[in-house]
There are 4 protein chains.
Amino acid sequence: MSSTRLADDSQSRRERRKEARPGELLDAALDLFVEKGFAATRSEEVAARAGVSKGTLFLYFPTKEELFKAVVRENMSGRFAEWQEEFMKFEGSTADMARHFMRVWWERIGATRASGITKLMISEARNFPELAAFYQQEVIRPGTDLVRRILQRGIARGEFRPVDVEYAVFGVVAPMIFLIMMKHSLGACAPQDYPLDPQRYVDTQMDMLLQGLCARPGAQA
Amino acid sequence: MSSTRLADDSQSRRERRKEARPGELLDAALDLFVEKGFAATRSEEVAARAGVSKGTLFLYFPTKEELFKAVVRENMSGRFAEWQEEFMKFEGSTADMARHFMRVWWERIGATRASGITKLMISEARNFPELAAFYQQEVIRPGTDLVRRILQRGIARGEFRPVDVEYAVFGVVAPMIFLIMMKHSLGACAPQDYPLDPQRYVDTQMDMLLQGLCARPGAQA
Amino acid sequence: MSSTRLADDSQSRRERRKEARPGELLDAALDLFVEKGFAATRSEEVAARAGVSKGTLFLYFPTKEELFKAVVRENMSGRFAEWQEEFMKFEGSTADMARHFMRVWWERIGATRASGITKLMISEARNFPELAAFYQQEVIRPGTDLVRRILQRGIARGEFRPVDVEYAVFGVVAPMIFLIMMKHSLGACAPQDYPLDPQRYVDTQMDMLLQGLCARPGAQA
Amino acid sequence: MSSTRLADDSQSRRERRKEARPGELLDAALDLFVEKGFAATRSEEVAARAGVSKGTLFLYFPTKEELFKAVVRENMSGRFAEWQEEFMKFEGSTADMARHFMRVWWERIGATRASGITKLMISEARNFPELAAFYQQEVIRPGTDLVRRILQRGIARGEFRPVDVEYAVFGVVAPMIFLIMMKHSLGACAPQDYPLDPQRYVDTQMDMLLQGLCARPGAQA
DNA sequence: TATGAATGAGCATTCATTCAT
DNA sequence: CATGAATGAATGCTCATTCAT
């Protein structure tokens, strides 16, 4: 509590801010890129939202394009590998596993700012093909792999009907993507038209899907 | 007769081109807007793709923004009313009706250039809120209304389980939107990673959905 | 009155219009150039005001600059030569002669659309130096020559004091120019601020001037 | 002291330039607008004359029109209030007062770059009506008010004949405006045709006017 | 002749990027 | 490291001019 400590404190706070700079810039950039797209976002605005000057932005990211790439990479957390393990250990019905997967996804990705990356990538893919390829590899493929494995587990254990797995995967993925797109696009414009309760949305979709997937004795299409 | 013909012929090459211009420009603009987004599309490129000079574009659309709006409006033709009637006359199981709806949608929208509008609107909604509202009214609402009516018919006739219709609608819409987004975004970048056969995709999704929706005597989740 | 006559009539009317075209274009151009300046006047607007199409304008005047020159030349009536004669025949006091000159000037130039040329030339002189030189020769010099001759007559006949003629000329010219500039500039913007009665203005200025010029027995500055 | 000086010196070359920029730009713009008119002056040329790049101009003035307005406002300083006082204190004949007024006007306005504003305003009034109204209020009215007061003083003190003051004002103003217009228009094109010695011009005009205004015992028009 | 669609050079304005401080 | 003034390439848009009809 001495004045020295105070000085040290403000010193360390400044240091912390200094180290936090790139992160703050990436956060600001993510928001703006998601909101307005890459081309329509002005570098200066990113800097302003992060509370620094235009020049500082270019101190950390040599070009706007590099900033964009950094934003995507930063938020493309390859958490799927980790989830993979988590799910391999899962004991219980595959239906519960799938429901659990969805809830985890919503908590850790869907509900967070990271979900903006999906909107961003889908909107800008054709302007950044290399990045799109990277995203494909690092996010999409692991994600669909995980879903595929869940489906295969269900089928192998006789819990699910033997469906066309390759395409059934999209039955899980599509509602996730759709929810994200609505959240960041039309839903952000006219919230009154999209009173979506995400939890209820996720549950409803999963219920429908699982009804469709689950093997049942006397079922007929 | 020949002199009459001569008069008719006065719709010369130039004239014919003139009437075709707006359409050609809108076509070119749709492709580019879908591909690169509104901001990243240069007016001159739109003109060039339509085979005219920069100036000509502005002869038909006073600003780039008006061009954008025209592109959206042009492709938003309220085909839903017509479908509505078509479906109200439908005789047969609601499952068949739903399958038919999906195929018709794919033929008339999904597979055509009009599907680009969806990608466009979702990507740019927040930059064009008025347009987004318009799109919401003219496209989204009629579309979801139609789907809702199909679901309600199925439930009323005891063919479908009594599901949460409001959210179940998205079970139909999400795969459609997802397919479009992939077609115009990641799928357009790396076709080899998306060897999606749309017909098969559509059928698979519908089968899964209908499995989930159809009422079955002794079924339990 | 026969239909043939009617046809002939309309024929001749068309012919007359055809011949009148350049004049109508020059009229329209004069108005617009005076109002907005050369650069800010659009060729199309000139054509529209003359009731013809853009193309027709360029049929008569190869460039906008040529149109401008034609406008100036057309309205630079070298009437001063003719006035010169008229005034040389004048009998009566030089004061009356001067008053007469002013009134004639007002009637034939000041009050007419031709006065716009003065505003135009003064505003655009530095953008059209050759034209300015031409104007100088054809209008300014003859005009000041005429005024100079009137002053010299007055002095020669002992009616006027022996003033510095070269500069006294501007005593006559300045109020004329001023009146024109106000009419076409500030006065045209805020008429309520310039309730100038030109006749009264002209008379007052001449009275003051003549009071100053007229030789009087016991006068002292 | 040296460290203090260092701090003071922090108003470096760059800083000093920054503060001078708007003024330099306004100076350059005034010259060009007077010379070529608003429409014919290119922004880049203004910047170049001020020794900066195109972009810098727009850093200080958001549009060309705002630049124009700033140029006019900047040079419209209401010096008239100050003159008013100066003249109210004047002791001596009203004729001397008027001569003094003219000389002061020439020194402080007529001979300076500020006179360009008059040419500018008169040439562009109809393109900038709001600005014209402002100019009318801030410059014209105070100016004519001052002249009117001088005339009234002369009449009240029996030095001047009881003339139509409202219109007589223009007898003073017209030669001033005329001189300015010539200086910036035809006179600037062909100096050899206008070897006007402003001092002599001003004196001649005032002499003529005062001769016309001064009350004389047995005078008759 | 008259038209008006088409052109493209030209200009105002923006914005990513640089760099002196 | 941080700043923000300065830059100039890029782009939307205008308008004089052309030319097929």
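Lettering of chains follows the sequences in order, A, B, ..., and the numbering in each one begins at 1.
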**Q.** Between E/dG10 (P) and D/E44 (CD): distance, integer Å
**A.** 12 Å

Q.
Is it true that, when you exclude A/E44 itself, more than 12 heavy atoms of the residues, nucleotides or ligands shown sit nearer than 6.0 Å to its CD?
A. no

Q: Between B/G51 and A/P62, just flag the one whose closest nucleotide in DNA chain E comes earlier from the 5' side.
A: B/G51

Q. DNA chain F: C/T41 or D/T56, which has the more 5' nearest nucleotide?
A. D/T56

Q: Name the residue closer to the 5' end of DNA chain E, choosing between A/E65 and B/Y60 according to the nucleotide with the nearest heavy atom.
A: B/Y60

Q: Take the protein atom CG of C/L25 and the nucleotide atom P of E/dT3, then report the distance between them rounded to whole Å.
A: 10 Å

Q: Starting from P on F/dA10, measure out to CZ on A/R42 and report it in whole angstrom.
A: 20 Å

Q. Which residue, A/L59 or D/G55, contacts DNA chain F at a nucleotide closer to its 5' end, judged by nearest heavy atom?
A. A/L59

Q. Once you round it to whole Å, what is the distance between P of F/dC1 and CZ of A/F61?
A. 13 Å

Q.
When you measure from the side chain of A/T41 to the backbone of A/K36, do you find a donor-acceptor pair of N or O atoms at a distance under 3.5 Å?
A. no

Q: Identify the nucleotide, in any strand shown, that forms a Watson-Crick or G-U wobble pair with F/dT21, with both distances under 3.5 Å; if there is none, say none.
A: E/dA2

Q | Short side-chain to backbone donor-acceptor contact, D/S185 and C/S123, under 3.5 Å | A | no

Q: Compare all side-chain heavy atoms of C/E130 with those of C/K69 and state whether any distance is below 4.5 angstrom.
A: yes

(Q) Applying the Watson-Crick and G-U wobble criteria at under 3.5 Å, what pairs with E/dC11? Answer none if nothing qualifies. (A) F/dG12

Q) So does C/S43 get a side-chain nitrogen or oxygen closer than 4.0 Å to the phosphate oxygens (OP1/OP2) of F/dA16? A) yes

Q.
In this structure, how many angstroms lie between the C1' atom of F/dC13 and the CD atom of B/E66, rounded?
A. 14 Å

Q: Determine the contact category for C/S53: base if any of its heavy atoms lies under 4.0 Å from a base atom, sugar-phosphate if only primed atoms, P, OP1 or OP2 are that close, otherwise nothing.
A: base

Q) Do D/K54 and E/dT13 have a side chain to base donor-acceptor pair shorter than 3.5 Å? A) yes

(Q) Tell me the interatomic distance from D/F58, atom CZ, to F/dT11, atom C1', rounded to whole angstroms. (A) 14 Å

Q) Separation of C/K36 atom NZ from F/dA16 atom P, in whole Å? A) 11 Å

**Q.** Plane angle bin for D/F33 and D/F38 - parallel if under 30°, tilted between 30 and 60°, otherwise perpendicular
**A.** tilted

(Q) From CG of A/L57 over to C1' of E/dC19, roughly how many Å is that when rounded to an integer? (A) 16 Å

